[in-house]
Amino acid sequence: MDICVIGAGYVGLVTSVCFAYLGNRVVAVDANPQRIASLKKGDAPFFEPGLNEFLTEGINSGFLEFTDNIESAVKKSQVIFIAVGTPPLPNGESDLSQVMAVARAIGGALDASRPRVVVNKSTVPVGSGNWVEMLVNQGLQAMQPVPARSARPESPVFSVVSNPEFLREGSAISDSLYPDRIVVGASDEHALSLMRQLYKPLIEQDFVAPSYAMRPADCETVPFIVTDVPSAEMIKYAANAFLAMKISFANEMSGLCEKVGADVRQIARGIGLDTRIGARFLNAGVGWGGSCFGKDVSALMQVAHEYSYPTPLLQATVAVNDRQRLVVIKKLQAELKIIKGRTVSLMGLSFKPDTDDLRDAPSLTIARQLIKMGATVKVYDPVCNDTCRKLNPDLDVIYCDNLRDLARASDALVLVTEWNEFKTSPWPELAQLMRTKLVIDGRNVLSQEEVQEAGLTYRGVGH
Ligand SMILES: NC(=O)c1ccc[n+]([C@@H]2O[C@H](COP(=O)([O-])OP(=O)(O)OC[C@H]3O[C@@H](n4cnc5c(N)ncnc54)[C@H](O)[C@@H]3O)[C@@H](O)[C@H]2O)c1
């Protein structure tokens with residue numbers, strides 16, 4: 001099938017390489033010409049395991065090309081994905097300006113040669129399907145003012161469907177090839193059957209798995225969930241809100257565990273084995289972050305607000321997370337007493353391991369708060385020191401190239417991102433280099449025994 005994917009970010013690029021791998025002719029479009037130039041050379045603009053291999057394979061197979069020209073890409077495509085960003089506005093609403101520009105541009109490029117499906121893959125508030133349809137029509141009419149689309153017998157046929165994305169950065173290729181489910185919200189049969197055809201290899205799992213993204217043993221077929229458009233849009237928000245709430249729940253319990261002398265890790269195991277609850281997303285720590293949870297929960301609250309519908313559970317989810325981010329600072333105060341003049345070293349910057357995404361990363365909140373309190377902050381991330389430097393020129397931290405430099409003359413090491421490298425840190429050596437021998441494990445992933453055996457004081461979260 002001929003498809004184009006507009007927006008070559010985390011979602012759009014991964015979608016493009018996966019559909020090209022499955023044998024579709026894919027044009028990936030981005031408004032950023034530098035991004036397009038490096039993609040043409042096979043360089044991914046961000047860190048994602050397996051992505052570079054996939055990219056090279058797509059380009060070499062001839063199934064994947066890149067352009068900054070929306071018009072040419074739309075003209076040759078049967079299915080047009082919108083995968084641009086929907087970042088938060090200061091009031092919490094989604095900024096839909098990228099979606100708006102793209103929808104209008106799609107309208108301006110459509111012709112009557114064949115029916116098209118415009119697929120909203122960006123996370124957009126409920127009602128956006130109608131809105132995108134209106135914008136595509138506006139773009140269409142701006143290019144061909146008379147007569148109106150519906151009045152012309154040769155008018156291009158298009159329909160808008162919602163196909164929310166559930167991939168996780170760090171395992172985006174696997175999540176896209178072996179998803180838990182595929183959700184499509186559509187109101188017409190033609191669009192639905194095209195989407196089913198496009199997703200058939202994933203639904204039936206009958207493609208040969210790439211060596212760098214093996215098929216999980218339990219992935220035989222993938223449920224294809226058909227809904228109306230508003231329900232598909234709501235599913236995405238509800239899923240993220242629920243996951244964020246689950247983590248906030250674990251974090252709220254962790255504070256109480258510390259008061260009563262219980263261990264939140266044991267609580268998570270004890271309740272997670274109940275199949276009604278499930279074990280995942282129950283890890284206590286410095287709280288959730290990233291490009292999706294915060295913005296999607298805020299956007300959902302904004303939608304509810306428009307309908308004067310109170311959302312106390314969502315508000316509490318955010319409030320618990322805000323408090324949790326600073327929990328390591330409370331622990332530093334408890335151990336070091338005075339923060340002013342101390343050197344605190346953060347292990348990890350990205351909002352989670354295996355990505356270089358720093359959007360809404362807890363590390364930034366923690367670093368800024370420590371600086372405000374008069375500490376010197378050193379940081380080391382195995383992947384995203386440079387990204388952080390570039391995106392946060394105002395962040396007054398000392399970047400270190402390895403764990404030893406990070407530990408040198410520190411008053412505390414604080415694990416913020418659970419990169420694998422940190423789990424096997426050379427604790428005895430790091431302990432020798434530190435000024436005060438304190439480790440705060442902000443993700444509960446270190447071996448308390450190993451840290452303590454090296455003569456360091458260990459403090460985790462919720463135990
Ligand atoms: N990142 C994730 O893990 C994730 C997961 C699921 C859903 N989503 C959703 O998917 C959407 C995309 O997220 P992302 O993280 O990939 O965003 P991103 O910011 O990484 O990428 C967006 C891309 O769109 C491009 N773009 C912007 N305006 C454009 C235009 N007019 N024409 C062409 N290209 C344009 C940008 O240059 C950028 O490369 C968002 O709505 C997000 O909420 C993201």
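Both counts, for ligands and for their atoms, begin at 1 and track the order of listing. Basis for what follows: all heavy atoms, side chains included, without hydrogens, waters or symmetry-related copies.
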Fill in: Options D175, I6, V84, ranked by nearest heavy atom to atom 12 (C) of ligand 1, top entry
V84
Worksheet item: Which ligand 1 atoms, with their elements, are less than 4.0 angstrom from a heavy-atom of L167?
Response: 3 (O), 5 (C)
Practice prompt. For G85, take its heavy atoms, then give the atoms of ligand 1 lying under 4.0 Å from any of them.
Written response: 22 (C)
Worksheet item: Do the charged groups of R276 and D274 touch, with an N to O distance under 4.0 Å?
Response: yes
Worksheet item: Can D95 and K295 be counted as an ion pair, charged N to O under 4.0 angstrom?
Response: no
Worksheet entry | Euclidean distance, L300 CG relative to Y309 OH, rounded to 0.5 Å | 10.5 Å
Item to complete: Taking only Lys NZ, Arg NE, NH1 and NH2, and the carboxylate oxygens of Asp or Glu, determine whether K423 and D441 approach each other closer than 4.0 Å.
Response: no
Practice prompt. Classify the contact between A83 and ligand 1 as side chain, backbone, both or neither, using a heavy-atom distance cut-off of under 4.0 Å.
Written response: backbone
Worksheet entry | Numbered atoms of ligand 1 (with element) below 4.0 Å of E169, judged on heavy atoms | 1 (N), 2 (C), 3 (O)
Worksheet, complete the sentence: the protein heavy atom lying closest to atom 9 (C) of ligand 1 turns out to be T123 OG1, 3.4 Å
Worksheet item: Of all the atoms in ligand 1, which lie at a distance below 4.0 Å from a heavy atom belonging to G7?
Response: 23 (C), 24 (O), 25 (C), 34 (N)
Discussion item. So for ligand 1, is A31 a polar contact partner (N or O within less than 3.5 Å, distance only)?
Written reply: yes
Discussion item. Using the ring centroid of each side chain, check whether F54 and Y212 are separated by less than 6.0 Å.
Written reply: yes
Discussion item. Between K76 and D2, does any NZ, NE, NH1 or NH2 come within less than 4.0 Å of an OD or OE carboxylate oxygen?
Written reply: no
Discussion item. For a 4.5 angstrom cut-off between non-hydrogen side-chain atoms, does Y237 reach V303?
Written reply: no
Worksheet item: Numbering the atoms of ligand 1 from 1, which are under 4.0 Å from a heavy atom of S122?
Response: 11 (C), 41 (O)
Worksheet item: Closer than 4.0 angstrom: is that true for some heavy atom of K236 and an atom of ligand 1?
Response: yes
Discussion item. Can you confirm whether the side chains of D111 and S113 place a donor and an acceptor under 3.5 Å from each other?
Written reply: yes
Worksheet item: Who's closest to atom 19 (O) of ligand 1 heavy-atom-wise, of R359, M100, Q34?
Response: R359
Fill in: Atom pair CD/OG of E133 and S128 - distance to nearest 0.5 Å
12.5 Å
Practice prompt. May I ask you to establish whether R181 and F166 are in a cation-pi arrangement, using a distance under 6.0 Å from NZ or CZ to the six-membered ring centre and at most 45° from the ring axis?
Written response: yes
Worksheet item: Going by the salt bridge (Lys or Arg N to Asp or Glu O under 4.0 Å) test, which pairs reach into residues 204-219, not counting sequence neighbours?
Response: K200-E204
Worksheet item: Counting each atom of ligand 1 from 1 as listed, which ones have a heavy atom of V11 under 4.0 Å away?
Response: 4 (C), 5 (C), 6 (C), 7 (C), 8 (N), 10 (O), 16 (O), 44 (C)
Worksheet item: Does an N or O anywhere in Y10 fall below 3.5 Å from an N or O of ligand 1?
Response: yes
Worksheet entry | Taking atom 27 (C) of ligand 1 as the reference point, the nearest protein heavy atom with its distance | Q98 OE1, 3.1 Å
Practice prompt. Counting heavy atoms only, name the option from R35, E165, K295, E48 that's nearest to atom 42 (C) of ligand 1.
Written response: K295
Item to complete: Return a yes/no value for T86: is any of its N or O atoms, backbone included, closer than 3.5 angstrom to an N or O of ligand 1?
Response: yes
Practice prompt. Can you pull out the closest protein heavy atom to atom 21 (O) of ligand 1? Residue, atom name and distance to 0.1 Å, please.
Written response: G9 CA, 3.2 Å
Discussion item. Could you tell me, atom by atom, which parts of ligand 1 come under 4.0 Å of a heavy atom of V102?
Written reply: 30 (C), 31 (N), 32 (N)
Practice prompt. Could you list the residues that satisfy salt bridge (Lys or Arg N to Asp or Glu O under 4.0 Å) with E71, not counting sequence neighbours?
Written response: K75
Worksheet item: What about D30: any of its N or O atoms under 3.5 Å from an N or O on ligand 1?
Response: yes
